[in-house]
2 protein chains.
Amino acid sequence: MQLLEAKEKFIQQWGSLGSNWGINRTMAQIHALFLISEELLSAEDVMEALKISRGNANMNIRTLIDWGLVYKEYQAGERKEFFRGEKDIWKVTQRVMKMRQRQELDPMLNVLTQLQTVKSDKKNKEEVEAFTKQIKSIKSFAELADSSLTKISGSEENWFLKTFMKFMR
Amino acid sequence: MQLLEAKEKFIQQWGSLGSNWGINRTMAQIHALFLISEELLSAEDVMEALKISRGNANMNIRTLIDWGLVYKEYQAGERKEFFRGEKDIWKVTQRVMKMRQRQELDPMLNVLTQLQTVKSDKKNKEEVEAFTKQIKSIKSFAELADSSLTKISGSEENWFLKTFMKFMR
DNA sequence: CTGAACTTTCAATAATTTTTGAAAGTTTAT
DNA sequence: ATAAACTTTCAAAAATTATTGAAAGTTCAG
C-alpha cells in the first residue's frame, strides 16, 4: 500500500469510528489528519486535505481545541494560525472520556437523583417501590462509572497501564 | 414528582444518552421503557406508550433482541408476542460493550493491521517511518482495549466489582 | 486610521438518518 | 384450505444533522 492511500484509509476509518462516539464525521477526520501529520497545519491546509469549506474547517477545529485534542500554535513570521494535534493516544482517550462524562453522564446522574424523589400513594405503592429500586440500582452503577472516569482522566498512563495489567491478569 | 412524570423523564433521558452511544433515540427509549416495566409488553404496548408506528416499534424491538437487551417471551393463551427487558444494568453494559467492540473496534483493528504494510521508498522513507510508528502506537492501544473488553464482557459482575474496586483504590 | 489578511458566524442548502404506514408475509385455529 | 391475528418489509416522507459560502468581524502592519 502507498503512503497516500494509507493516510486516506486511516482518515476514513477514524471518521467512521468517531461518528459512533459523539464526534461528527468531519471533526473526527480532521482529528485523524492531525494524528498522522508531523507538521503544523493551517485551517487552509485542512480545507484542502479534506476538501471541506472554510466554515466547516473552522468550526470543527474550534471544537477539537475545546476538547483538548488540537492546539493552536504560532509560526514565527506568519500571520495565519497554525495547529498541531495531540499525538498521544492515551491523552486523546482521556480527553474524550472527560468530555463525554460531562456531556452525558453528569446530566444522567442529575436526572436519576431527581427521579428518586417520586411520591407514592396508597394506590400505587408497589409500583413506585419497584421503580425507585430500579432507579437506585442504575444510579449506583452510574456513580461507579463517574468516579472511575474521574480517577482515570486524572491519571498518568503509566499508573493506568500498570494497574490495569494487574487488573486484567 | 408523580410516577408517570418520572417515567416519562427517565425515558427521555435514556433516549438522549443512547443517541450518543450508537443507539438511536427511539431504540433507547424502548429500552428505557422495558427497564422500568415490571410486566411483559407487546409491540402494541410499546407503540402506544411511546406513540410510534408499528414498523418503527417492530424494527427497534428486533434490534434490541439482537443486542441481547430484550427477550421474546410467550404468554400462555396469547397469540401475540410479548417481550421483557434485561433489567440487570451490569449485563446491559456488557452487551452494549460487546456490540460496539464488534461494530467499531474490530473493523478499526483490521484497518490498522493493513496500514502497517505501507511501502516506503527512498523519497519518503522518514515520512513512512513516522506514519508507521504512529499507527503502531494506535494499534497497541486498540489491542489493549480489545482484550480488556473481551475479558470484561465475559466476566461476572462480582468479579468485576471486586477487582475494579481494588483497581480504583 | 486604512486596508489586507485572516477568522468567525449563520442562514440557506444538502446529506443523512429516522419514521411512517400500507402492503406483503407468516402463523395458527378451525 | 381459509381467514383472522399477528409480524415484517420497504419506499416514500419527515426530521435531524452537517455543510457551504458569502458576509461580518477581527487583527495588525504600514
Side-chain angles (χ1 to χ4, degrees), chain A residues 11-12 14-34 40-67 70-84 99-100 103-104, chain B residues 11-12 14-34 40-67 70-84 99-100 103-104:
Chain A
I11 290 171
Q12 294 311 322
W14 201 258
S16 85
L17 185 72
S19 62
N20 290 106
W21 274 88
I23 293 166
N24 84 48
R25 167 180 242 69
T26 303
M27 179 169 155
Q29 288 180 345
I30 296 176
H31 181 228
L33 179 64
F34 275 109
L40 300 183
L41 301 177
S42 67
E44 203 96 13
D45 295 334
V46 171
M47 286 165 60
E48 278 172 25
L50 303 178
K51 312 261 190 292
I52 59 176
S53 73
R54 182 171 301 285
N56 197 6
N58 177 71
M59 219 166 90
N60 285 299
I61 291 173
R62 180 127 317 281
T63 310
L64 284 166
I65 292 173
D66 290 345
W67 283 48
V70 161
Y71 309 104
K72 208 182 271 199
E73 284 200 8
Y74 291 94
Q75 185 80 298
E78 284 270 15
R79 178 93 168 259
K80 226 183 276 189
E81 288 179 326
F82 283 82
F83 308 94
R84 124 184 121 75
M99 219 61 189
R100 304 198 73 197
Q103 293 180 352
E104 294 166 39
Chain B
I11 289 170
Q12 293 311 320
W14 201 257
S16 83
L17 186 72
S19 61
N20 291 106
W21 276 86
I23 293 166
N24 86 47
R25 170 180 240 70
T26 304
M27 178 169 154
Q29 288 180 345
I30 296 176
H31 180 227
L33 178 65
F34 275 110
L40 299 183
L41 301 176
S42 67
E44 204 97 13
D45 295 333
V46 171
M47 286 167 60
E48 277 172 27
L50 304 177
K51 313 258 191 294
I52 59 175
S53 71
R54 181 171 303 284
N56 199 6
N58 176 70
M59 221 166 88
N60 284 300
I61 292 173
R62 182 125 319 278
T63 309
L64 284 165
I65 292 173
D66 290 345
W67 282 49
V70 161
Y71 309 103
K72 207 181 271 197
E73 285 201 6
Y74 291 93
Q75 186 81 297
E78 283 272 12
R79 177 95 168 257
K80 225 183 279 192
E81 288 180 327
F82 283 82
F83 308 94
R84 121 183 122 76
M99 221 57 191
R100 303 198 71 196
Q103 292 180 352
E104 295 166 40

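Remember, it's a predicted structure, so these values are computed and weren't measured experimentally. Proteins get letters first, then strands, A, B, ... in listed order; numbering begins at 1 in each.
As rounded to whole Å, 11 Å separates atom C1' of C:dC6 from atom OH of A:Y74. Between the CD1 atom of B:I65 and the P atom of D:dT8 there is a distance of 8 Å, given to the nearest Å. Per the geometry, CE belonging to A:M47 stands 9 Å off P belonging to D:dT20, to the nearest Å. Separating the CG atom of A:N60 from the P atom of D:dT20 is a distance of 10 Å, rounded to the nearest angstrom. Regarding B:L50, its CG atom lies at a distance of 16 Å from the P atom of C:dT18, rounded to whole Å. Counting to the nearest Å, the P atom of D:dT7 and the CZ atom of B:F83 are 7 Å from each other. Taking atom CZ on B:F82 and atom C1' on D:dA5, their separation rounds to 13 Å, with Å as the unit. Between A:M59 atom CE and D:dG21 atom C1' there is a gap of 14 Å when expressed in whole angstrom units.
For the 3.5 Å distance criterion, the side chains of B:D66 and B:T63 fail to qualify, holding no donor opposite an acceptor.
With hydrogens and angles ignored, a donor-acceptor pair under 3.5 angstrom links the side chain of B:R79 to the base of C:dT27.
Between the two ends of the helix from C:dC1-D:dG30 to C:dT30-D:dA1, each summarised by a five-pair axis, the helix axis turns through 10° (rounded to 10 degrees).
Taking the side chain as every heavy atom from C-beta outward, A:E73 and A:F83 never approach each other to under 4.5 Å. A heavy-atom distance below 4.5 Å is found between the side chains of B:I52 and B:I30. Taking 4.5 Å as the limit, every side-chain heavy atom of B:M27 sits out of range of all side-chain heavy atoms of B:H31.
For D:dT19, the OP1/OP2 oxygens have a side-chain nitrogen or oxygen of A:N24 closer than 4.0 Å. Phosphate proximity of D:dT8 to B:R62: present, with a side-chain N or O under 4.0 Å from OP1 or OP2.
Closest contact between the side chain of A:K80 and the listed nucleotides D:dT8, C:dC6, C:dT8 involves C:dC6. Taking the side chain of A:N58 as heavy atoms from C-beta on, and the options C:dT20, C:dT9, C:dT18, the nearest nucleotide is C:dT9. For B:S53, the side-chain atoms get nearest to C:dT19 when compared with the rest of D:dT19, D:dT8, C:dT19.
Within 4.0 Å of A:E44, counting heavy atoms only, lies no atom of the nucleic acid at all.
Few gaps surround CE on B:M47; more than 12 heavy atoms of other groups in view lie less than 6.0 Å from it.
The heavy-atom pair separating A:W14 from A:A28 by the smallest distance is CD1-O, 3.2 Å.
Comparing B:I52 and A:E81, the nucleotide of DNA chain C nearest to each residue sits closer to the 5' end for A:E81.
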#### Entry: Check against side chain to side chain contact (heavy atoms under 4.5 Å, CB included), B:R62 and B:K72
CA-CA 9 Å; B:R62 182 125 319 278; B:K72 207 181 271 197; 3.8 Å; yes
